[in-house]
Amino acid sequence: MTQPVLDVRNLSTHFPTRRGVIKAVDDVSFQVGQREIVGLVGESGSGKSITGFSILGLVDPPGRVVSGSIRFQGEELTGLPQKAMRTIRGKRIAMIFQDPMMTLNPVLSVGTQMIETVLAHDNVSRAEARARSRDALGLVGIPSPDERLDAYPHQFSGGMRQRVAIAIALLHRPELIIADEPTTALDVTIQSQILFEIKRLANEFSMALIWISHDLGVVAALADRVMVMYAGKIVEAGPVDDVLARPAHPYTVGLMQAIPAAVPRGEPLKPIPGMAPSPLARPSGCAFRDRCDRATDICATPPALDLSEAREWRCFHPKEWRAA
Amino acid sequence: MSALSFLSREDALSARLLRGIASSPKALFGGIICLILLLTAVLGPLLTPQNPYDLAVLDILDAKLPPGSQSMDGLTYWLGTDGQGRDMLSAMIYGLRTSLGVGLFSGIVALIVGTVLGLIAAYYGGRIDALIMRVVDLMLGLPTILVALMLLALLGQGLWKVVFALVLVQWATFARAVRSAALVEKNKDYIEAAVTLGISTPRILLGHLLPNCLPPLIVIGMLQVANAISAEATLSFLGIGLPITQPSLGLLIANGYQVLMSGEYWISVYPGLLLLTLVFSINITGDRCREILNPRLGER
Amino acid sequence: MSVFVIRRLMQSIAVLVVTALIVFLGVYAIGDPIEMLISHDASPAERAQVILSLGLDRPLWQQFFTFCWNALHGDLGRSFVFNKPTITLIFERLPATLELTLTGLVFALALGIPLGLISGLKPNSVTDEAIMTGSILGFSLPGFWQGMMLIMIFSVWLGWLPSTGRGEMGSFLGIHSSLFTLDGLKHLILPAINLSLFKLSLVIRLTRTGVRETMPLDFVKFARAKGISERRIVFVHVLKNILIPLITVIGMELGSMLAFAVVTETIFAWPGIGKLLIDSIMRLDRPVVVAYLLVIVSLFILINFAVDILYSLIDPRVRLGDQS
């Protein structure tokens with residue numbers, strides 16, 4: 001295998017609070033290969049967004065990356081000074097946020113917000129920057145892009161704003177895009193359009209993509225590989241078809257049984273019992289054990305990562321599948 | 001039963017405020033100064049070396065003595081004397097009584113007027129609400145000092161006229177705060193329950209809505225008293241506030257203004273410092289309370 | 001845009017008419033207009049003449065009409081003391097007041113916005129604590145006493161700056177102002193500081209609150225993710241968002257500064273309309289007081305109108321409001 005675009009090892013991001021330390025990301029390791037689309041799935045609070053922000057060095061204080069290594073194209077990002085980090089953000093790694101209503105500055109025109117992104121990294125003329133911005137808008141399917149550059153965010157619909165955000169992310173043809181639930185806030189019909197658009201563009205510009213989502217269904221349609229996160233840890237990872245066909249970790253199994261489309265007609269949905277543990281009071285060992293029907297005493301000790309073939313999971317009692 | 005539960009809520013609130021003040025050295029300091037000044041004002045005549053307005057004890061030969069001078073009969077003027085030989089310290093304590101009294105009284109009257117109108121606006125809504133709020137907007141749109149100035153220009157000076165002017169410029173702030181707090185409470189279940197139980201309107205307003213609007217009122221009340229004291233001092237300084245027979249701190253400062261240029265600084269500096277300390281300590285404590293009640297600004 | 005302007009204009013005129021009515025009722029209906037508007041030492045013939053010209057012998061509604069008609073023609077009565085039309089008196093002194101107020105406003109903004117930014121960007125730091133305590137001290141300082149202390153320190157003790165009067169006037173581009181001579185500037189500094197200190201605290205607090213509310217918003221994080229420099233984020237993205245509420249409040253405060261100039265002008269013997277007002281109150285020159293009130297309310301309305309227009313120029317959401 002060639003060098004991965006992103007190689008994250010033992011990443012931990014903690015938030016000290018008055019009531020204790022929140023381990024938002026707890027010893028997470030994964031890789032993203034060239035041109036690979038990786039889905040990062042988990043419920044809210046599982047640490048998937050913080051993982052994304054940790055890569056870009058954008059964790060809000062008091063939170064910070066306390067240990068681990070993040071290598072991007074072989075270059076170590078942790079401990080990089082802000083100034084050096086800024087030359088990577090938006091240029092080589094771009095990010096798309098969840099709520100397009102909130103990500104664009106309401107009082108600056110779309111053109112201003114795009115042009116500044118070009119000028120932040122490339123020493124080109126304003127006219128050149130404007131031309132590039134216009135082309136990027138055209139690329140993501142915004143009609144009459146030249147006029148739309150002078151418009152303000154509130155003049156765009158939610159879906160269009162997300163397209164603008166994608167256009168901004170594409171301005172510098174980054175090697176990696178981190179998309180943090182970019183379709184969650186949109187209507188279902190718009191969701192699939194954006195999904196399709198991003199997949200097309202990632203393919204066209206041979207970009208790697210980390211797609212953060214709580215929706216296994218979306219990831220199934222898009223990703224090459226999926227990683228499932230629970231309580232700050234990756235509990236299962238593997239090729240998307242394989243994981244979805246034969247989920248090993250009881251949490252993944254639970255997630256799948258809770259998706260309406262994945263359950264055969266007539267069979268009841270099975271919601272996962274209980275609630276996600278408070279980040280300050282997670283059970284020792286496997287954090288999922290008090291919601292898990294397969295848990296035994298051994299689960300009180302932390303399960304090691306089990307690597308069998310291309311699959312990995314952290315569980316003492318994975319669901320077993322007979323060879324098909 | 002409901003009355004009791006409100007009581008306990010209020011208790012929790014005042015405890016929260018006290019704890020909040022105690023946890024900030026700045027606010028604690030301000031609060032203690034406030035209390036000391038209040039006590040000084042109340043005990044006033046018992047503390048002053050002389051009665052500054054008893055003409056019999058004043059000696060014109062003692063006029064404009066610098067701080068620390070001795071009087072003819074052996075009294076030390078720690079803060080000097082004014083143009084009529086009056087002990088500044090005594091005059092200031094009397095001035096503090098007047099200033100604090102006018103500020104507190106007008107603040108309390110404005111609070112009552114504003115609260116009643118605000119509750120009425122929130123409870124009845126519709127046209128009554130629209131009318132009251134129009135007037136409130138108008139009042140808040142005009143600068144305090146201008147309204148008070150015009151009113152006193154037309155009415156002439158006097159203690160009660162000043163109080164009237166101060167109430168007039170302050171009630172709107174209370175009315176707006178009470179109305180918005182009451183509107184939030186109004187839609188809650190317990191008010192609906194009280195209405196269904198057939199409890200009379202005044203009782204709902206005073207017994208149920210009011211206790212829940214109290215927190216912002218306490219804080220606004222404090223800050224408004226500070227404002228009122230400042231405003232009264234300004235009006236008195238301009239010569240249209242309190243008459244010369246009821247000298248507040250503002251008037252003392254104004255008296256010193258005439259002789260400031262000739263170097264008798266103490267006549268205006270010390271009353272000014274006292275006024276500043278008074279207003280500052282109220283503001284700093286009130287500001288802390290506002291922080292506690294408005295967690296949006298972030299707890300420390 | 002023009003619809004917006006016309007609508008605001010209509011509202012302004014309505015407010016002006018209401019104010020005129022209130023002033024009219026205050027003087028004509030509640031008070032005794034003969035007592036208020038005619039000098040005590042006027043001869044019976046003069047009295048009869050004024051009664052006739054004001055129409056005091058006619059019904060109230062006709063008097064109001066006459067009052068408005070006269071006001072529209074710039075006739076707001078004659079001063080007893082100066083024996084001049086009050087409107088002339090006021091317009092002679094208005095430039096001095098405007099000069100003072102605007103200089104004070106510039107001081108307040110030039111100092112307040114940077115201090116508020118510093119404070120808001122490092123909340124709860126020692127610097128922030130110091131600035132915030134200073135700002136509470138600032139609005140606790142009684143304006144008149146603070147002015148006296150300025151005179152005492154800078155004029156009496158240090159002898160650096162003159163204590164009273166307006167100083168020499170210069171002329172530039174047809175505008176007469178003491179801003180254009182050194183002597184004039186020297187005379188202006190202390191009064192302008194006196195007037196601005198009060199508003200300085202307000203500007204600091206507004207800016208600080210604005211920064212603290214804007215910094216955690218998604219668009220700031222998105223701008224960081226684009227690789228925009230922190231300086232541009234603060235001075236373009238955040239500041240422009242803060243300016244919008246700031247301008248509204250400052251517009252209102254400009255009116256209050258005009259009114260508060262009464263105090264400053266009294267202390268520094270600044271020959272503006274505020275000093276005229278106090279002198280007129282002392283001399284029972286009531287027509288001047290009435291005229292002052294009408295002029296100052298008109299100024300308020302004018303300022304509010306200007307602020308609304310400015311607001312719509314800065315905030316794109318308002319500008320396009322009347323299209324949808």
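Throughout, protein chains are lettered first and strands after them, A, B, ... in sequence-line order, and every chain is numbered starting at 1. A quick note: this is a predicted structure, and the numbers were derived from the prediction, not measured.
- By the neighbour-count criterion of 12 heavy atoms within 6.0 Å, atom CZ of Phe235(C) is sparsely surrounded, having that number or fewer from other residues, nucleotides or ligands.
- For a residue to count as touching a neighbouring chain, one of its non-hydrogen atoms must lie under 4.5 Å from one of that chain's; by this rule Ile244(C) touches chain A with the side chain only.
- Applying a 4.5 Å heavy-atom cutoff, the residues of residues 81-95 of chain A that approach chain C are Arg86(A), Arg89(A), Gly90(A), Ile93(A), Met95(A).
- The shortest side-chain heavy-atom distance between Phe219(C) and Pro106(A) falls under the 4.5 Å cut-off.
- Nearest heavy-atom pair across Ile168(A) and Phe222(C) is CD1-CE2, 4.0 Å.
- Qualifying side-chain contact (heavy atoms from CB on, under 4.5 Å) partners for Leu121(C), counting only residues two or more places apart in sequence or in other chains: Val211(C), Met215(C), Val234(C).
- Nearest heavy atoms, Asn241(C) versus Asn105(A): ND2-OD1, 2.8 Å.
- Taking each heavy atom of Asp218(C) and Met102(A) in turn, the nearest pair found is CB-O, 3.5 Å.
- Side chain of Lys226(C) to backbone of Ala120(A): no donor-acceptor contact under 3.5 angstrom is found.
- Ranked by heavy-atom pairs under 4.5 Å with chain A, the first of Pro216(C), Ala223(C), Ser229(C) is Ser229(C).
- Neither the backbone nor the side chain of Ala169(A) comes within contact range of chain C, judged by heavy atoms closer than 4.5 Å.
- Interface remark: Gln98(A) contributes no atoms to any contact with chain C (heavy atom separation under 4.5 Å).
- The number of heavy-atom neighbours closer than 6.0 Å to CD of Glu147(A), taken from other residues, nucleotides and ligands shown, is 12 or below.
- Chain C forms more heavy-atom pairs under 4.5 Å with one residue of Leu56(A), Asp99(A), Ile96(A), Leu104(A) than with any other, namely Leu104(A).
- Looking at Leu58(A), both its backbone and its side chain come within 4.5 Å of chain C, counting heavy atoms on both sides.
- Within the 4.5 Å cutoff, the side chain of His237(C) has heavy atoms near those of the Glu116(A) side chain.
- Within the 4.5 Å cutoff, the side chain of Asp60(A) has heavy atoms near those of the Lys221(C) side chain.
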